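All remarks here apply to the structure that follows.
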Amino acid sequence: MRYCFVLLFQWFVLSLNAQDTVKVTLPAETEQQAEQNYNMGIEALQKHDYQLAVNLFSSCLLIKPAFDKAYANRAIAFTQLKKYSEALKDINAAIYYNADNPEYFYNKSLIFWGTHEKDSQTVALDQCLKMNREHAEAHYYKGLSYFETNVYDKAIEHYDLAIKYRPGYCYAYNDRGSAKRNIQNYEGAIQDYMKAIDLDSSQTFIYNNLGSVYRMTGEYNKAISAYSKAINKNSDFLLALINRGATHLENNNLEAAKEDFELVLKKDPRNFSALNNLASVEIKNRDYKKAKDYASRSIEINARNGAAYYNRGIARQMLREEQGSCEDWERALELGVLVVKSFIQSTCNE
Amino acid sequence: MNKRSSLRITNGITVGVWLFIFSHFGWCQNTEFTKENFPGRKDELKEAQRKLQVGEEFFNNGKQELVEFRRSYFNLRKTYPVSFYDYQKAGYQQFRAALSPLNDANRFNPKNARLNYMLGLIWFMTEPISKEGLDFLQKAYELNPRIEDDLSFWLGWACHLNSKWDEAIKHYEEYHTFLKQRVKSNAAPIEDVKKKIYECENGKRFSAKPERVFVDNLGPQINTQYPEYGPSISTDESTIIFTARRPNSTGGKRDPTDNGFYEDVYASQKEKGKWQNSKQLSKNVNTDNHDAAAGLSPDGNKLYVYRHVERDGGDLYESVLFGMDWEPPVHMNKNINTKFHESSVSLTFDGKRMYFVSDKDGGIGDRDIYYSEIDVNGEWGLSKNIGAEINTKYAEEAVFVHPDGVTMYFSSKGHNSMGGYDIFKTKLVNGKWQTPENLGYPINGPDDDVFFVVSGSGNRAYFASAKAGGYGEKDIYKITFLGAEKTPILNTQDQLISVVANPVSSFKAEANVEVKSAKLTLLKGVVSDAETGKPLESNIDLINNEKDQVLATFKSNSSTGKYLVTLPSGSNYGISVRKEGYMFHSENFNIPDTLSFQEFVLEVKLKKIEVGNSVVLKNIFFDFDQAKIRPESINELNRLVKLLNENPKVKVEISSHTDDVGSVEYNQKLSENRCKAVIDYLISKGIIANRLIAKGYGETKPIGKNDTEEARQNNRRTEFKILEK
C-alpha cells in the first residue's frame with residue numbers, strides 16, 4: 001500500500017505539471033502578500049502537505065480572485081485530498097480565467113481519472129491535445145484509457161506518441177510493454193520493460209511485469225531472475241514474492257515455491273493469496289489434508305477467493321469428502337471460476 | 001608395506017572371496033534328495049523321498065492333464081489359453097492332491113529345484129496371483145534355471161500376473177529363445193509367448209501412466225464372502241442387477257465341477273444414494289441350475305439371462321419386468337441362440353438393436369460380438385458379426401453399448417490387452433466403429449477384467465473383481481472417473497500499468513479436463529392418474545420430430561408407474577405418453593449435439609377423457625408468425641385423430657394461444673388462424689366438423705407471465721379440451 005502512495009505521488013509530481021513559481025514584481029503590498037502565499041502553497045504541495053497548500057492558495061485567491069494559476073494548483077491539492085468536486089470547480093475557474101493553457105485541460109483530465117469519469121476524461125485530454133498535439137503525458141493517459149478498455153492497438157499508438165515526444169518516458173515504456181503483453185507480443189513487451197528498467201531501475205514493479213511475461217512464455221528461470229531482482233531491491237515486495245513462488249510451482253520446484261509463500265506469510269500472516277498458493281503446493285505434493293487446511297485459512301481471510309474454494313474442492317475430493325468438494329466448487333463457480341463447471345457436471349451429479 | 005604383510009592381505013582377500021562364493025552358491029545350489037546331502041538323517045530322508053514320489057506322481061498326472069488341455073484348447077481355437085481362467089482348473093484335483101506330500105518333502109529339503117518348480121506350478125495353477133506360486137517358481141529358477149524347459153514360461157506368467165512387467169518380459173524372452181532353438185513346429189507357442197511379451201509391454205506402458213479413478217467396493221449390501229459378478233446397471237444408476245453364487249441359491253445345490261453354489265440373479269435398488277440389501281429375483285428367473293445376469297435394457301424393463309441347458313452350449317433368455325416382478329425368461333430366437341455359447345447382451349437406447357456375444361462357427365476368432373435388429377414383426381433378425389475392427393482372433397466378451405448410442409465397451413483378450421481380458425472402448429463415427437482404446441491401468445490389469453458397465457452420465461462404471469480387500473471371492477466395484485489431474489489455481493498478481501498501483505488479482509486457469517460425460521439426456525419419472533395419483537402403466541412413444549418417426553415405445557411400470565427414457569443428443573424429440581381411457585400427454589425436448597449429460601425428472605399426470613379436461617399439445621409447431629402447420633407436427637396431430645376415432649362421441653375444443661409480443665388484435669387473429677389450421681387438418685383426416693370447435697384466445701389466457709422467453713414459449717400453445725363425451 002505504501003508503494004501505491006509513492007507511485008501515486010510520483011505520478012502527480014511528474015504529470016500534473018504544477019505551475020512555476022511566480023516572480024514577484026508587483027509593488028502593491030497586498031499583491032505581494034498574495035504571491036507570497038501562492039509560493040508557500042507550492043512549497044506545501046511539494047511537501048505533500050495538501051491541506052496547508054489549499055489554505056495558502058485560498059489566502060492568495062482572497063486577494064487575487066482571478067489568479068488562474070492559484071486555482072489550478074489548489075485543484076491539485078484538492079485532488080490529492082480526494083476532494084474532487086472542489087478540485088473540479090477550481091480547475092474550471094482556472095480555465096475560465098485562462099482558456100489557452102493546455103495544462104489546465106490535462107489537469108482536469110486527471111481529476112476525472114480520479115473520479116473514474118472516463119468520457120469526461122477523454123474530452124479533457126482531447127482538448128489538451130488539440131492545443132498541444134505533442135503533449136506526451138496527455139498521449140500517455142490516452143493510451144492508458146484505451147488500455148483499460150482492452151483496446152490495446154490504440155493504446156500502443158498513444159504510448160508510441162508519448163515516447164516520441166518524451167523519449168525518456170519510463171512509464172510509457174512500461175505500459176506499452178504491458179499492452180504488448182496483453183496482445184501476446186511477448187518479445188515486444190520484454191524489450192519495452194527492459195528499456196523502462198534502463199530508464200529507471202528503481203521501479204521494482206517493472207521487474208515484476210518482466211517476470212510475468214517470462215512466466216507466460218514458460219521461461220521460468222528468466223522469470224525467477226526478474227522477480228528476484230524486484231525482491232532484492234525491495235524485500236517487502238510481496239507481490240513479486242508471490243509471483244516468484246507461483247513460477248517455482250509451475251516449474252515443479254515445490255520446495256522453492258513453498259519457501260516463497262511461507263516468507264510472504266511471515267511478513268503478512270493474513271495474506272490469503274500465499275495461503276491459497278500453499279494449498280496449491282500441497283495439492284501437487286498430494287498432501288490433501290494440508291491443502292485443505294491452507295485453503296480453508298485463505299477462505300477465512302477472504303471469503304470471496306474463488307481460487308481457494310476451487311483448490312479446497314480438489315483436496316476434499318481426493319479426501320473423499322464428495323459433498324464438501326461439490327459445495328466448494330459450486331461456490332467457486334459463483335465467484336467466477338468457470339473451469340470448475342465441468343468438474344461439477346462430471347462429479348457432483350450422483 | 002613389506003612383502004609378507006602384502007601376501008597376508010592377499011591371502012585374506014582370497015579366503016573372503018571363497019567364503020562368499022561358497023556361501024552364495026551354497027544357498028543357490030540345487031540339493032538332490034541323496035544320502036550324501038543329508039548325512040545322518042537316513043530315516044527322515046527316506047520319508048521325504050517317499051512323499052516326493054507320491055506328490056510327483058500326482059503332479060505328473062496333473063501336468064499331463066494340463067498339457068492335454070492346452071493341446072485340445074489349441075486345436076479348437078488355434079491359440080493357446082490367453083487368460084489363466086481359460087485353463088478351467090485343468091489338472092486341479094491332481095495338483096491339489098500333490099500339494100500336501102510335496103510340502104512335506106519341501107520342509108525337509110527346500111533347496112531342490114524340481115520340487116520348487118512343482119510347488120510353484122501347483123500354486124500357480126490353483127491360485128495364480130498367490131505369492132507362493134511366484135516365490136516357488138523364482139526359487140526353482142535360482143536353484144537351476146534349466147530344471148524344466150517351461151520353467152521360464154510359467155515364471156514369466158507368474159511375474160506377469162503380479163505386474164512385475166520387466167521380470168516377466170525377461171523370462172518370456174528366455175522361453176522365446178529356448179523355443180526358437182530347440183522346439184520343432186513351434187510357431188504357435190512362439191506366437192503365444194510373443195503375445196505375452198506384448199501384453200507386458202502394454203502393461204508397463206499403461207501402468208506408468210495410471211488413469212485417475214476411485215475404485216470403491218459397493219459394500220455389504222451387494223457383496224458377500226461368495227462370488228458376486230456380472231453387474232448390469234439401469235441408466236440412471238438406481239438399480240443394479242448381478243449374478244451371485246451364495247448358499248441361498250435357488251435349490252441350494254452346488255455345481256460339482258467347482259463345488260460352488262449355482263448362480264442366481266440378484267438385484268438392489270439405490271435409495272437416497274445408498275444401495276439397499278440385495279435380493280434374489282423370484283423363481284420366475286432363478287432356477288436350481290445356473291441363472292446369470294447377461295444384460296439389462298437401458299430403461300431397466302428387460303432383463304437378459306444366461307442359462308446353460310444340456311447340449312445348447314449356453315443360451316440367452318429375455319425376461320420383462322411386470323409390476324414388481326420379472327416374468328419367466330423366454331428363450332431368445334434362433335437368430336440369437338445357437339448350439340454354441342451365447343452370452344452378454346446389450347441393447348441400444350431405442351431397444352431396436354441388440355449386441356451379444358457368441359462363439360458360433362464363422363466368427364473372426366474365439367468369441368465374437370454380433371448384433372441383431374428388430375424386424376418388421378418385432379422379432380430379432382439375423383445376426384451379423386460386428387467386424388474385424390472390434391473382434392479379434394482371441395475372445396471378446398461382455399459387450400455394453402452406452403445409452404448415448406455411440407459408445408461401446410467390451411472386453412477382449414486381443415488388441416493391446418495387458419493380459420487376459422481387458423476392457424476397451426470404441427466409438428461409432430459415421431457408421432464405423434473406431435479402433436478400440438484400452439481403458440488403461442488400474443481399470444485393466446494383467447488378470448481378467450470383464451463385465452464393465454457405465455452409468456448414463458458416463459462418470460461412473462461398475463465391474464467385478466477378485467482384488468484383495470474385498471468381502472471374498474469376486475466383488476462388485478464402482479469406478480469413479482476423475483478425469484485429468486486438476487491443476488490447482490494460484491493467486492498471482494500483476495502490476496501492469498504504472499499509474500495503477502493497486503494489485504490486480506488474476507486467475508491463471510488451465511484448459512478444461514476432458515470430461516467423460518456422455519452426450520445424453522435421461523428422462524425419468526412416474527406416470528400417474530391426475531385425479532387419484534395412482535401409478536399407471538402407459539405407453540411412452542419417443543418420436544424424432546425432425547424425421548417424423550416413432551423411434552421407440554417404452555412402457556411405464558404397472559406397479560410403480562416409473563419410466564426411464566434415454567435421449568441421445570443432437571435431435572428434437574417428441575414424447576407422447578398414452579393410455580386407453582386417458583388423454584395423451586405430450587412433451588418436446590430439443591437436445592442440441594453440444595449438450596452433454598443431463599437428467600430430467602418429469603412426473604406425468606394423465607387426465608381421463610372427461611368433460612372439461614384439457615391438454616397442451618406440445619409437439620404442434622407453426623412457422624414463425626404464421627398459421628402454417630410445420631410437418632414435424634403430423635405425429636402429434638395423428639395422435640389426436642386416433643383419440644377422436646377411438647372415442648367417437650367426444651367433442652373437443654381446439655384452442656390456440658399466443659404470447660403478448662405484438663398487438664392484441666394481431667395475436668387474436670393469429671391464434672384464430674392457427675386453431676383453424678389444426679381443425680382443417682383433423683377434418684382432412686375424416687373427423688366430422690361438428691365434433692370440433694376452434695377457439696382463438698390470442699394473448700388473453702396465458703399460463704404464466706410473459707417475462708422471459710421460456711415463459712412466452714409456454715404461453716404460445718395449442719390445447720384441446722373435452723366438451724362432450
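Since the structure is predicted, the reported quantities are computational estimates derived from the model, not experimental observations.
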Non-hydrogen atoms of chain B under 4.5 Å away: do they reach the side chain of [X], the backbone, both or neither?
| X | result |
| --- | --- |
| A:Asn208 | side chain |
| A:Glu282 | neither |
| A:Leu275 | neither |

Can you tell me how far the [atom1] atom of [X] sits from the [atom2] atom of [Y], to the nearest 0.5 Å?
| X | Y | atom1 | atom2 | result |
| --- | --- | --- | --- | --- |
| B:Leu482 | A:Phe343 | CG | CZ | 10.5 Å |
| B:Thr492 | A:Leu249 | OG1 | CG | 11.0 Å |
| A:Asn311 | B:Lys486 | CG | NZ | 12.0 Å |

Query raised in the report: Of all of A:Ile242, A:Val281, A:Val340, A:Ile314, which one pairs up most often with chain B through heavy atoms under 4.5 Å apart?
Result: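 Option with the greatest count: A:Ile314.
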Requested in this report: Heavy atoms only, distances under 4.5 angstrom: which of A:Arg320, A:Arg181, A:Met318, A:Lys341 has the most pairs with chain B? Name it, please.
Outcome: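 Going by pairs under 4.5 Å, I would pick A:Arg320.
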Query raised in the report: Relative to chain A, which segment of B:Asp216 carries a heavy atom at a distance below 4.5 Å: side chain, backbone, both, or neither?
Result: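 Side chain of B:Asp216 only, per the 4.5 Å heavy-atom cut-off to chain A.
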Query raised in the report: Does the salt bridge (Lys or Arg N to Asp or Glu O under 4.0 Å) test come out yes or no for B:Glu485 and A:Arg286, once each step is laid out?
Result: CA-CA 11 Å; B:Glu485 191 148 11; A:Arg286 300 183 198 283; 3.0 Å; yes
For [X], I'd like to know if atom [atom1] has over 12 heavy atoms of other residues, nucleotides or ligands within 6.0 Å.
| X | atom1 | value |
| --- | --- | --- |
| B:Tyr441 | OH | no |
| B:Glu603 | CD | yes |
| A:Lys284 | NZ | yes |
| B:Lys524 | NZ | yes |

**Report entry** Donor + acceptor pair across side chains of B:Asn491, A:Asn276 (<3.5 Å)
**Finding:**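 Present: a donor and an acceptor within the cut-off.
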Query raised in the report: Is there a side-chain contact between A:Glu250 and B:Leu490 (heavy atoms, below 4.5 Å)?
Result: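 Counting from C-beta outward, A:Glu250 and B:Leu490 do come under 4.5 Å.
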Report task. Over all heavy atoms of both residues, which pair between A:Gln317 and B:Phe214 is shortest? Give the atoms and the distance, please. Result ->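 That closest heavy-atom pairing would be O-CZ, 3.3 Å.
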Report task. For A:Val339 and B:Ile489, run side chain to side chain contact (heavy atoms under 4.5 Å, CB included): C-alpha distance rounded to whole Å, both residues' side-chain angles, the deciding distance at 0.1 Å, then the answer. Result -> CA-CA 10 Å; A:Val339 70; B:Ile489 292 178; 4.1 Å; yes
